[in-house]
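Below: the structure, in structure tokens.
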Amino acid sequence: MLDIQKIRENADAVRQGIQNKNVSIDFDVILAVDQERRNVIAEVEVLKHERNVVSKEVATRKRNNEDIGDLIEKTREIGQRIKVLDEQQRNAESKLNDLLLQIPNTPHASTPVGEDASENPVVKEWGKRFAPGYTLKTHLELGEALTLFDFPRATKIAGPGFPLYTGSGARLERALINFMLDFHIDKHGYTEVLPSVLANTKAMTTTGQLPKFEDDMYKLPQDDLYLIPTAEVPVTNIHQGEIIPEQDLPIRYCAYSSCFRREAGSYGKDTRGFLRLHQFNKVELVKFTQPDSSYTELEKLRRDAEEILEALGLEYRVIELVTGDLSFASSKCYDLELWAPGEARWLEVSSCSNFEDFQARRGGIRFKPQGGGKVQFLHTLNGSGVATPRLLVALLETYQQEDGSVLLPEILTPYMGSAGLHLK
RNA sequence: GGAGACGUGGCCGAGUGGCUUAAGGCGGCGGCUUGCUAAGCCGUUGUACGUUUUGGCGUACCGUAGGUUCGAAUCCUACCGUCUCCGCCA
């Protein structure tokens, strides 16, 4: 959520930012509602002051057994007027709030201006192209032959787009999750949390999924709960409504969770195998930072995710999203993409974003400056560290042998145990 | 799922319609004092919104939202949460 005061005082800059995101917002309506709200407040507060003064007078006279009839008459009218105005104020405030919740975050000055994904610049490339002499198989061909997963049977359980890992495939999935968690905990100093995969309306609103993207999520109407599309939702909401001492920042959490996405509107796109799923596993990194350091922390966060890919020896590149491709809540975002040799294409496995105070304002997450001073909204950031399905695709396709077996990188040895690294 | 108790500031806790501007304590912060240990004394203390001549002024906030009243932390209604007991259960 944007600060209404900022919209009021820097209207042009905010309009430009939103326009660069290719979003159309009627700021005149918003400013008009804000003006109405302030007019009502100005009027009602004068009346309330008057009421307070008279009420005090009533109390004094009563103690002295004096007559109070005239005062009662007078304030009864004031009270009625206050009632009407209170109602108007509530209406204006809820209207303004509804409007503000629909406005996306503004891009950071360093985010390149651009129309859409086709303009996203590549800012980094790492690793060597896997190109042996033999013909490369896709992860589907490899996985079916090695019985690592079973999509036809998975369909019987929940429909297409849901995974069923089997045998070494299930173990490998679990290995990757544990490897990534351990890596971030031990090497990068994150604190592990294991949240619920259901979240309520308030939590979903904090992170920006609601009210605009309700159709993207699975909903449980009976209990007014949603299945989380990412652990970002529960983890960011851990500190919802809190004021955190500045010396406790930055707070860094990592969390594994299953993620659920309806992917409405993306049918027919990337439907094969693991490229796009309704349910998948992800290790997520979430940071709560002091505003001045959030962009430094974003670079570190991105680096933390990159190191996972490097440890697994996978070729990747980093792209920076242009304003037109930036998500609703973010000010700046990097995507990490893995090269999948069998598919012969880049696959997005991580998104690292700075939301600045956008989510913090929606969720009331603030910090108290160390030397005293005004309580402020902190900055929230998150990044995948990373999502498993496409990681698995790149891993299988990069480490495939000529005979169709897969020899996994040694760093996974402790996690694969007796199953061994050689899947054949 | 059933029954009951409860919800007050960073924390504990008093407060059943108006001398509450929420007592008192703890903690925090600032200062003073002292050569008696883990001391004493004094002062101070939250958030948001509106307005502003940037000194302030005003309004609201006692779980949340409404209501009653001239006036609500206090009375009424609904909801949310916590705890205890019963039931069910991995």
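Residue numbers begin at 1 in each chain, while the letters A, B, ... track the order of the sequences. Values below: all heavy atoms of this structure, side chains included; hydrogens, waters and symmetry mates excluded.
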Self-check item: Reading 5' to 3' through nucleotides 53-68 of chain B, protein heavy-atom contacts under 4.0 Å coded B for base, S for sugar-phosphate only, - for none
Solution: -----BBS-----S-S

Quiz item: CG of A/Asn200 versus C1' of B/G81: gap in Å, rounded?
Solution: 12 Å

Quiz item: What integer distance in Å separates A/Asp86:CG from B/G50:P?
Solution: 16 Å

Exercise. Take the protein atom CD of A/Glu66 and the nucleotide atom P of B/G18, then report the distance between them rounded to whole Å.
Key: 19 Å

Exercise. For B/C57 and B/U69, measure between their C1' atoms and round to the nearest Å.
Key: 28 Å

Exercise. Find the partner of B/A72: check Watson-Crick (N1-N3 plus N6-O4 or O6-N4) and G-U wobble (N1-O2, O6-N3) distances, both under 3.5 Å, and reply none if neither fits.
Key: none

Exercise. Please check if atom NZ in A/Lys202 has more than 12 non-hydrogen atoms from other residues, nucleotides or ligands closer than 6.0 Å.
Key: yes

Quiz prompt | d(CZ, A/Arg76; C1', B/U69) in whole Å | solution = 9 Å

Practice problem: Using a heavy-atom cut-off of under 4.0 Å over every strand shown, decide if A/Thr75 touches base, sugar-phosphate, or nothing. | Solution: sugar-phosphate

Practice problem: Specify the glycosidic conformation (syn or anti) of B/G55, with syn defined as within 90° of 0. | Solution: syn

Quiz item: Mind checking the P distance from B/C61 to B/G66? Whole angstroms is fine.
Solution: 11 Å

Quiz item: Tell me: CG of A/Leu96 to P of B/G50, nearest whole Å?
Solution: 10 Å

Quiz item: In Watson-Crick or G-U wobble terms, both distances under 3.5 Å, what is the partner of B/A39?
Solution: none

Practice problem: May I ask which nucleotide in the shown strands pairs with B/C11, Watson-Crick or G-U wobble, both distances under 3.5 Å? | Solution: B/G25

Quiz item: Mind checking the P distance from B/U21 to B/A72? Whole angstroms is fine.
Solution: 12 Å

Quiz prompt | Carboxylate-amine/guanidinium contact A/Glu57 A/Arg61, below 4.0 Å | solution = yes

Quiz item: Starting at CZ of A/Arg61 and ending at C1' of B/G71, how long is that distance when rounded to a whole Å?
Solution: 14 Å

Quiz item: Passes ring pair (Phe, Tyr, Trp, His ring centres under 6.0 Å), A/Phe274 versus A/Phe151? Steps please.
Solution: CA-CA 9 Å; A/Phe274 282 108; A/Phe151 280 103; 5.0 Å; yes

Exercise. Calculate the interatomic distance between A/His239 atom NE2 and B/G10 atom C1'; express it in whole Å.
Key: 16 Å

Self-check item: C1' gap between B/U74 and B/U16, integer Å
Solution: 5 Å

Quiz item: When you look at CD of A/Gln247, are more than 12 heavy atoms from neighbouring residues, nucleotides or ligands closer to it than 6.0 Å?
Solution: yes

Quiz item: Thinking salt bridges, do A/Arg303 and A/Glu307 make one under a 4.0 Å N-O criterion?
Solution: yes

Practice problem: Taking only the side-chain nitrogens and oxygens of A/Lys368, find out if one of them lies under 4.0 Å from OP1 or OP2 of B/U47. | Solution: yes

Quiz item: How far, in whole Å, is B/A22 from B/A60 if one measures between their P atoms?
Solution: 13 Å

Quiz item: Does A/Arg366 have a side-chain nitrogen or oxygen under 4.0 Å from the phosphate oxygens OP1 or OP2 of B/A48?
Solution: yes

Quiz item: Using 4.0 Å as the upper bound for N to carboxylate O, is an ion pair formed by A/Glu87 and A/Lys83?
Solution: no

Quiz item: Quick one: do A/Glu263 and A/Arg261 make a salt bridge, cutoff under 4.0 Å?
Solution: no

Practice problem: Check every strand shown and say whether A/Val58 touches a base, only sugar-phosphate, or nothing at a heavy-atom separation below 4.0 Å. | Solution: base

Quiz item: Going through the distances and angles, do A/Phe288 and A/Phe367 end up as a ring pair (Phe, Tyr, Trp, His ring centres under 6.0 Å)?
Solution: CA-CA 10 Å; A/Phe288 300 80; A/Phe367 76 96; over 10 Å; no

Exercise. With RNA chain B as reference, determine whether A/Gly79 or A/Asp34 sits nearer its 5' end, using the nearest nucleotide of each.
Key: A/Asp34

Quiz item: Any side-chain N or O of A/Arg38 under 4.0 Å from OP1/OP2 of B/C49?
Solution: no

Self-check item: For atom CD of A/Gln89 and atom P of B/A48, their distance in whole Å
Solution: 17 Å

Quiz item: How far does the C1' atom of B/G9 sit from the matching atom of B/A5, given to the nearest Å?
Solution: 24 Å

Quiz item: Can you tell me the Watson-Crick or wobble partner of B/C49, both distances under 3.5 angstrom?
Solution: B/G58

Practice problem: Quick one: label A/Arg81 by what it contacts on the DNA or RNA (base, sugar-phosphate, nothing), any heavy atom closer than 4.0 Å. | Solution: nothing

Self-check item: Nearest heavy atoms of A/Lys21 and A/Ser330, plus distance in Å
Solution: NZ-O, 2.9 Å

Practice problem: Please state the P separation for the pair B/G10 and B/U52 - nearest whole angstrom. | Solution: 30 Å

Quiz item: Should B/A78 form a Watson-Crick or G-U wobble pair with both distances under 3.5 Å, which nucleotide is its partner?
Solution: B/U64

Quiz prompt | Whole-Å P distance, B/A39 and B/G28 | solution = 11 Å

Quiz item: Distance check: side-chain N/O of A/Arg8 vs OP1/OP2 of B/C49, anything under 4.0 Å?
Solution: no

Quiz item: When rounded to the nearest 0.5 angstrom, what is the spacing between CE in A/Met1 and CD1 in A/Ile7?
Solution: 9.5 Å

Quiz item: Taking a pair as Watson-Crick or G-U wobble with both distances under 3.5 Å, which nucleotide is matched to B/U84?
Solution: B/A3

